[in-house]
Amino acid sequence: MPRLLIVHHTPSPGMQALFEQVVAGATTDEIEGVEVVRRAALSATASDVLEADGYLLGTPANLGYISGALKHFFDTIYYPCLDSTAGRPFGYYVHGNEGVEGAQRAIRSITTGLSWQQAAEPVTVLGTPGKAELAACWELGATVAAGLMTE
C-alpha cells in the first residue's frame with residue numbers, strides 16, 4: 001500500500017488548523033489504498049522518509065525561513081535519502097505573519113536537491129487562516145494522496 005508521510009511543525013493555532021485540513025483531505029473517503037502517516041518534524045526520521053512514497057510538508061515561516069524543526073528534519077534525512085527518494089512527489093504549506101517567500105525558497109531549494117517532484121501547488125497563508133486557505137489545505141492533502149492511489 002502506498003504511504004504518504006506528512007511532516008509538520010505545528011506550534012500555533014493557525015498551523016494546527018492548516019495541518020488538520022491537510023490530514024482531512026489526505027484521509028477523505030475518496031482516497032482509497034493510501035496509508036497516511038503523520039510525524040512532527042523533530043521526530044521524523046530517514047526511515048520514515050524511505051518507507052514513504054510521497055510527502056507533505058508543513059512549516060511556519062520564521063524570520064523569513066522555514067522553521068528550525070523542518071530544517072532539522074531536512075538536515076537529518078538529506079544524505080541518507082538522497083538517492084533512494086529521487087522522483088517522489090511532494091507538496092507543502094507555509095504559514096507566516098509577515099512573509100513566506102524565504103520559506104518557500106528554502107523548501108524549493110532543498111527538495112530540488114533531493115530531486116523530489118512537486119505534485120501540487122503550495123498553499124501559503126499570511127495571518128489567520130480563512131475558509132479559502134483551509135479549503136486549499138484540504139485540497140492539497142487530497143491531491144497529493146490521490147496521486148499515490150494505485151489503480
Check your understanding: Taking C-beta and beyond as the side chain, do I110 and I66 meet within less than 4.5 Å on heavy atoms?
Key -> yes
Practice item. Output, in order, the C-alpha distance, side-chain angles, deciding distance and verdict of side chain to side chain contact (heavy atoms under 4.5 Å, CB included) for T45 and T76. Key: CA-CA 7 Å; T45 66; T76 302; 5.9 Å; no
Check your understanding: Is any side-chain heavy atom of R3 closer than 4.5 Å to a side-chain heavy atom of V34?
Key -> no
Point to revise | Within 6.0 Å of CG in L63, more than 12 heavy atoms from elsewhere | key: no
Exercise for review: Check whether W116 and V94 end up in the same hydrophobic cluster, where Ile, Leu, Val, Met, Phe, Trp and Tyr are linked by side-chain heavy atoms less than 4.5 Å apart.
Suggested key: yes
**Study point:** Check: T28 side chain, G25 main-chain N or O, donor-acceptor pair, under 3.5 Å
**Key:** no
Review point. Given side chains that start at C-beta, do those of F90 and L114 come closer than 4.5 Å, heavy atoms only?
Key: no
Practice item. Decide whether L134 and I6 are clustered together by the hydrophobic rule: side chain heavy atoms of Ile, Leu, Val, Met, Phe, Trp, Tyr closer than 4.5 Å, transitively. Key: yes
Point to revise | Whether R38 side chain and H8 backbone form a donor-acceptor pair below 3.5 Å | key: no
Check your understanding: OG1/T59 to OH/Y65 distance, rounded to the nearest 0.5 angstrom?
Key -> 10.0 Å
Exercise for review: For H95 and L126, indicate whether the former's side chain and the latter's backbone hold a donor-acceptor pair under 3.5 Å.
Suggested key: no
Exercise for review: Flag yes if Y78 and Y55 sit in one hydrophobic cluster, no otherwise; membership is Ile, Leu, Val, Met, Phe, Trp, Tyr, and two members link when side-chain heavy atoms are under 4.5 Å apart.
Suggested key: yes
Review point. Who passes side-chain hydrogen bond (donor to acceptor under 3.5 Å, both in side chains) against S115, sequence neighbours left out?
Key: none
Exercise for review: With sequence neighbours excluded, tell me which residues meet side-chain hydrogen bond (donor to acceptor under 3.5 Å, both in side chains) with E101.
Suggested key: none
